[in-house]
Amino acid sequence: MKKLIQVLLLLSAVQMAFAGNPFKGFPKDADPVAVGRKLSYHYLVSPHGGLYAGKYLMYSETFTFNGAIDYAVNTKDRLLLDLLVNKYETLCLQDKKILPPYNHVDYNMFGSLPLRLYRITGEERYREQGMKYADTQWELPEDAKPEEKAWHDKGHSWQTRLWIDDMYMITVVQLEAYRVTGDSRYLDRAAREMVVYLDKIQKENGLFYHAPDVPYYWARGDGWMAVGMSELLKELPEDHDSRPAILKGYYKMMESLLAHQRPDGMWNQLIDQPDCWAETSGTAMFTCAFIWGVKRGWLDAKIYGPAARKAWIAMCSYITELGDVREVCVGTGKKNDRQYYYDRPRPVGDFHGQAPYLWCVNALIEK
């Protein structure tokens with residue numbers, strides 16, 4: 001009887017915590033601190049490149065690195081932070097050949113990593129390295145193509161191409177430059193880009209095609225827009241000229257995502273196709289956008305809080321004992337073929353999934 005009473009009291013405490021805050025009282029295997037520790041230390045011992053050992057460090061690994069650093073800071077894990085800084089130093093010294101160049105939107109985003117480290121350590125060379133990536137995103141190269149020059153002449157990044165993933169790639173490095181310098185020029189750059197992309201590619205239902213000639217709502221593609229808008233809204237002042245348009249686009253997207261969430265809390269590889277498989281990286285990105293929306297007061301906590309909670313708990317069932325995320329769509333270029341998206345490989349431990357899981361962890365535990 002005594003044990004039964006203890007269990008009932010525990011359940012009551014959990015229910016009370018959930019009633020007041022949907023981001024408290026998680027089941028043991030969905031505890032964000034424990035999940036974040038598993039994923040962060042797993043990344044620490046992972047080789048650069050992961051499943052895709054290419055010529056340069058991939059954007060997905062950069063974002064996983066960022067997520068692990070944020071986790072170390074949020075949990076005050078000094079050992080983890082020191083080891084991550086050492087991993088970065090080793091990258092710059094021994095593996096510098098894989099440092100991304102300054103000539104593509106998928107490479108310039110790397111600047112977000114040294115700029116993050118600068119904010120933590122105050123090491124000036126991190127600042128110099130990161131700012132070069134942020135600034136060259138707006139410096140027109142001599143061999144620029146006509147369309148790149150046209151975007152530049154309008155005040156936008158020459159790397160503008162109206163691909164949905166750009167709205168995280170550009171936003172993340174420009175926001176870090178703003179956080180480091182306090183110069184509103186970097187914030188304004190990201191905001192103007194976001195408004196153009198929303199005007200050009202957001203559909204009436206709030207979602208985004210993978211490409212204008214590929215009419216499919218691919219989860220991770222839409223996920224870049226969701227987290228890009230969330231990160232930007234966190235920094236934009238209430239009276240910023242671009243905020244109303246971005247907030248409108250965010251609301252439209254969040255409402256549509258809520259309508260397409262599966263009963264188990266996940267989202268599908270093709271968002272609006274009920275027979276498609278549940279995909280983890282897109283789900284994690286949407287969940288992160290929900291969490292920030294609730295925490296910052298942009299979204300109704302009574303509606304989106306439980307939805308985000310359900311998604312997070314469901315997501316955690318896809319993490320292996322070693323800390324690898326399952327059911328992650330492989331890196332995917334556009335193709336106007338519905339079956340192509342159904343048949344994409346799903347590698348275990350792909351950084352495309354590890355990174356947004358860490359973003360969710362940090363969104364949940366940050367004050």
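All figures in this text were calculated on a predicted structure; none of them were measured in a lab.
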Is it true that a side-chain atom of [X] and a backbone atom of [Y] form a donor plus acceptor pair closer than 3.5 Å?
{"X": "R243", "Y": "L236", "answer": "yes"}
{"X": "Y107", "Y": "Y133", "answer": "no"}
{"X": "D337", "Y": "Q339", "answer": "yes"}
{"X": "D222", "Y": "F208", "answer": "yes"}
{"X": "N86", "Y": "D82", "answer": "no"}

Test the [X]-[Y] pair against the cation-pi criterion, namely NZ or CZ under 6.0 angstrom from the six-membered ring centroid and within 45° of the ring axis.
{"X": "R262", "Y": "W267", "result": "no"}
{"X": "R309", "Y": "F23", "result": "no"}
{"X": "K87", "Y": "Y43", "result": "yes"}
{"X": "K234", "Y": "W292", "result": "yes"}
{"X": "R37", "Y": "Y41", "result": "yes"}

*Taking the six-membered ring where the residue is Trp, are the ring centres of H152 and W158 under 6.0 Å apart?*
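No, ring centres 6.0 Å or more apart.
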*asked:* For W359 and Y168, I'd like to know if the aromatic rings sit close, meaning centre-to-centre distance below 6.0 Å.
replied: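 Between Y168 and W359, which both carry aromatic rings, the centre distance is below 6.0 Å.
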*Of Y250, W298, Y304, the residue whose pairing with F290 passes ring-ring contact (aromatic ring centres under 6.0 Å, His included)*: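 In the set Y250, W298, Y304, the residue that makes a ring-ring contact (aromatic ring centres under 6.0 Å, His included) with F290 is Y304.
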_Taking the basic N atoms (NZ, or NE/NH1/NH2) and the acidic carboxylate oxygens, is any pair closer than 4.0 Å for K334 and D213?_
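Result for this pair is yes, salt bridge flagged.
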